[in-house]
Amino acid sequence: MSEDSLSNFPPRYDPKPVEEKWYRFWEENGFFTANPDSPKPKFSIVIPPPNVTGSLHMGHALDNTLPDILIRRKKMQGFETLWLPGTDHAGIGTQVKVEQMLAKEGKSRFDLGREEFLRRAWEWKEKYGNEIVKQLRRLGCGLDWSRFRFTLDEVCARAVREAFVRYYERGLIYRGLRIVNWCPRCRTALSDLEVKYQEEKSQLWYIRYPFADGRDGVVVATTRPETMLGDTAVAVNPEDGRYQAVVGKMLRLPLTERLIPIIADEAVEMDFGTGAVKVTPAHDPVDFEIGERHHLKRLKVIDDDGRMTALVPAKYQGMSREECRRAVVDDLKAQGLLEKIEDYEHSVGTCDRCGTAIEPLASEQWFVKMKPLAEPAIRVVEEGKVRFYPERWNKVYLDWMRNVKDWCISRQLWWGHRIPVWYCECGKVIVARQDPVECPACHGNSLRQDEDVLDTWFSSALWPFATMGWPEETVDYRSFFPTDFLTTDPDIIFRWEARMIFSSLEFTGRIPFVDVYIHSTVLDKNGARMSRSKGVGVDPLEIIEHYGTDACRFTIAYLESQSQSYRLWNERFELGRNFANKVWNACRLVAPHITGSSRDFPDPNALTALDHWIVMRFNETVERVDKGIDSYTFSTVAQALYDFFWHDLCDWYLEFAKRRLKSGEETVKAVLYHLFRGSLQLLHPIMPFITEELWHRLEMGGRSILESSWPRPLPAKLDKVRLVERMRDVIGGIRQVRAEMRVPAKSTVECIVNTGDGELAKFFKEQELLIRELAKVSAVNIGAVRPSGSAVVVFSDCEVYLPLAGVIDVEKELERLRREVEELKRLIDEIDRRLSNPDFLERAKNEVIEREQMRRQEFAARRERLKKLLEA
RNA sequence: GGGCGAUUAGCUCAGCUGGUUAGAGCGCUGGUCUCACAUACCAGAGGUCACCCGUUCGAUUCGGGUAUCGCCCACCA
């Protein structure tokens, strides 16, 4: 390499131009385009489709860096790889966003109507949906863009229809009246997984329900007094001695004129509250079941908007749940029926998407019957055909699947796959793959399609095979399905992984993927969950902008160690940036020497012990990287590469090699060529951009590092490696003495090695020049006599003497050290004395107390001030 | 109420199946702008590996328990 080209090799790595150049190169040359007809073994992954609701965040960075590492390595290992991209329409998530946008115009979705709303939703999707796709390119992801899918596109839509109809035909889909989680704001049913429970400080109200004759009665405890207006019974446990005499009697429901029975049911706990529970079958899942068992009426007293219905006394009609609660409590109090109020903490279900308190409502919905689907889905994990990593997640999955309940799949939303069910005037229900034109029963043509759409996860569940063309037996499907790997956050194991597994087994008869890696949850610096809505956390785009993609990816891999979570903040990415810079500069050093050098690895007999040592370390690194990637312990991979490249290759071997390079020695050039070639290859999956750039700068050959084959261990002999280890120890020992004794950097001392090990003596003599440079000594002599005024460093098989007499004032330095030792002893004694002095401890305690009291005062004053402000 | 994870240096974290002086990065101290890199180099300080009991020749590592923190699941009105 000429002087001129070195001037184009700046001493600091600048990621921007490199990243832009190479991603375009890879994409334009079809490096990511899979060929299903290839005879090579296949390796495939489908992307966890990002929602079209936003832009790249930390979760995406993880979900996509890790698969990209696998894809790139497999490609280099000779596999035909496919990584299939796409996005998810994210039903309720997107709909809520669009509604928020409309709200700014002062409109609701009902003002626009279904058609216009959908037009706006698609508009929104076009605008924001592709943002994330661009950003995945910036992350360097080797996605096959020619196979891009969207969960609402025709291919996916056909799969959804097919799946629904097949479930229906097998009797696994039914429509039924059940208590569902209802979001009054979104005006839709939700599945259990879309409800987030939040602890809330509330009260437990004890209400007296008098007997029909107006006397005595029964006291019930409730957290939701407003629902009493819909009570149709009071239940007690059949074993409960306190109530046995009254079971069957009638109570007068306060605030209404209705009479309700006292019934006995197993579901009632005797030791909660008063042991008597009000039963509201239309608004509580347990009460619903009690109601079924006892044939109770269901009074729907809260409507779809969360307001009181016409079934309650006029004064409450139209009130919100909260208003009604206050009114009911006030009225009960006025009538003397409120026995007592206790503070009570319980969890309240809220809508995962909009945060509104959910209302359990009895309502007609479509369900998937889970029991028959769960069985095979349990089996494949028990048998290890699908494996979760880290292993503990297998149990989490299995526990859920073993207790799974039927899946509510209908949503009263507009954005999504419309349920393929039509109702005819004649009462016929038609479930069909194609939109029917007439009723097969009465041949009438006034058919009405079900208004509802499917849960967004219904289509996601089909993703791994729907994207490959299922139900068609496409060539992609035959070649690339099932997929090999998936990685996600822990919190979609049930929503997504589980549903993909049973759907895939049901429809394709095969597992959807083999290995599932559940990655850590990323927390912010204070250990709080990262949340975009709260605006805290790390923005990967900012990181990429600031530190570069490779630095971002390397840091992510370095921290991903199969733990439950880890903390992340912007400065942590300096680790990756500094490492990238190190790699860059090391290449800068060797570039003029190894470009155009021999491509053959030298005969092992021509290598020195130093060469064997570094080759051995390289080989260990290859092994650790392979093992680490295969077991998804990404941090061990990044650590192995970091340690080897930085601390062995750069800190030691390059220093060993400099002199030999200057003399133009061919062997060291060839060794370095192969070490750098292999290192860049090992690094490439994690740091694709910088390695591609350096691959070309070092003229490693071919169109791309991606087309080179994955490195294997190089030939090395291990018998002389111990000599190198000892040499490093000796150099370190000499450096330590020099630093401790304040030997000026510029002065050199002789060193004398005393050893009975002939081979070691010979080796040290051979490497004299190297030792002289690295330890800053003037000569390496072999001898057994320790000169007076010399420092000594002792090892098991040798001693090293450093005559310091002529170089520094030994007595003075020793005196200094002695004084320091004395001084330290004095300090320690003083601390010990203070710590054993009760007076001191008492004073210290008082100081702390005083400080805390002052802080307390400060806070109290501020609190008062703020309170006043709030009141004003 | 059940399940799972964590507790290692000032901070954030590694540490596979038990084995000499327990590691890294950042931070700190001292010394270097040494001809790839100051986004660097050299040296150093700093840890009863939460606590208790057990298994073992030997435990940070395995088992049991305690404490603290965190996550997940669950219909307790």
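Per the geometry, CD belonging to A:E571 stands 15 Å off P belonging to B:U39, to the nearest Å. A straight line from CH2 of A:W584 to C1' of B:A36 spans 12 Å, rounded to a whole angstrom. Rounded to an integer number of Å, the gap from CD of A:Q564 to C1' of B:C72 is 9 Å. Between A:N581 atom CG and B:C41 atom P there is a gap of 10 Å when expressed in whole angstrom units. The distance between atom CD of A:E740 and atom P of B:A43, rounded to the nearest whole Å, is 12 Å. Whole-Å rounding puts the A:L774 CG to B:C42 P distance at 10 Å. In this entry the distance linking NZ of A:K627 with P of B:U17 reads 10 Å, nearest Å. In this structure, A:L523 places its CG atom 17 Å from P of B:C69, rounding to the nearest Å.
For the pairing with A:C751, the side-chain contact (heavy atoms from CB on, under 4.5 Å) check across A:V730, A:I731, A:V777, A:V793 returns one residue only, A:V777.
Among the nucleotides B:A77, B:C73, B:C71, the one closest to the side chain of A:T223 is B:A77. Of the candidate nucleotides B:G5, B:A14, B:A77, B:G5 has the atom lying nearest to any side-chain atom of A:R392. Residue A:W646 places its side chain closer to B:C41 than to any other of B:A36, B:C4, B:C41. Picking from B:G44, B:A36, B:C4 the nucleotide with the shortest atom distance to the side chain of A:L654 gives B:A36. The side chain of A:K746 lies closest to B:C33 when the candidates are B:A36, B:C33, B:A40. Checking B:A77, B:A43, B:C37 against every side-chain atom of A:P11, the shortest atom distance belongs to B:C37. With B:C41, B:A43, B:U12 as the choices, the nucleotide that has an atom nearest any side-chain atom of A:R735 turns out to be B:A43.
In a base pair of the Watson-Crick type (N1 to N3 plus N6-O4 or O6-N4) or a G-U wobble (N1-O2 and O6-N3), with each distance short of 3.5 Å, B:A40 is matched with B:U32. Pair assignment for B:G46 gives none, since no Watson-Crick or G-U wobble pairing has each distance under 3.5 Å. When Watson-Crick and G-U wobble pairs are counted only if both distances are under 3.5 Å, B:G1 pairs with B:C73.
Across all strands, A:Y344 comes closer than 4.0 Å only to sugar-phosphate atoms, never to a base (heavy-atom distances). Backbone-only contact: A:Y558 has heavy atoms under 4.0 Å from sugar-phosphate atoms and none from a base. Using a 4.0 Å heavy-atom cutoff across all strands shown, A:K196 reaches no nucleic acid atom at all.
Side-chain contact, A:Q365 with A:S363: a donor N or O sits under 3.5 Å from an acceptor N or O. A donor atom on one side chain and an acceptor atom on the other are found under 3.5 Å apart for A:H294 and A:D265. Counting only N and O atoms by type, the side chains of A:Y632 and A:Q562 include no donor and acceptor under 3.5 Å apart.
For A:R567 and B:U12, a side-chain-to-base donor-acceptor distance below 3.5 Å is absent, hydrogens and geometry of angles not being considered.
A:T274 places a side-chain N or O within donor-acceptor distance of the main-chain N or O of A:V219, the cut-off being under 3.5 Å.
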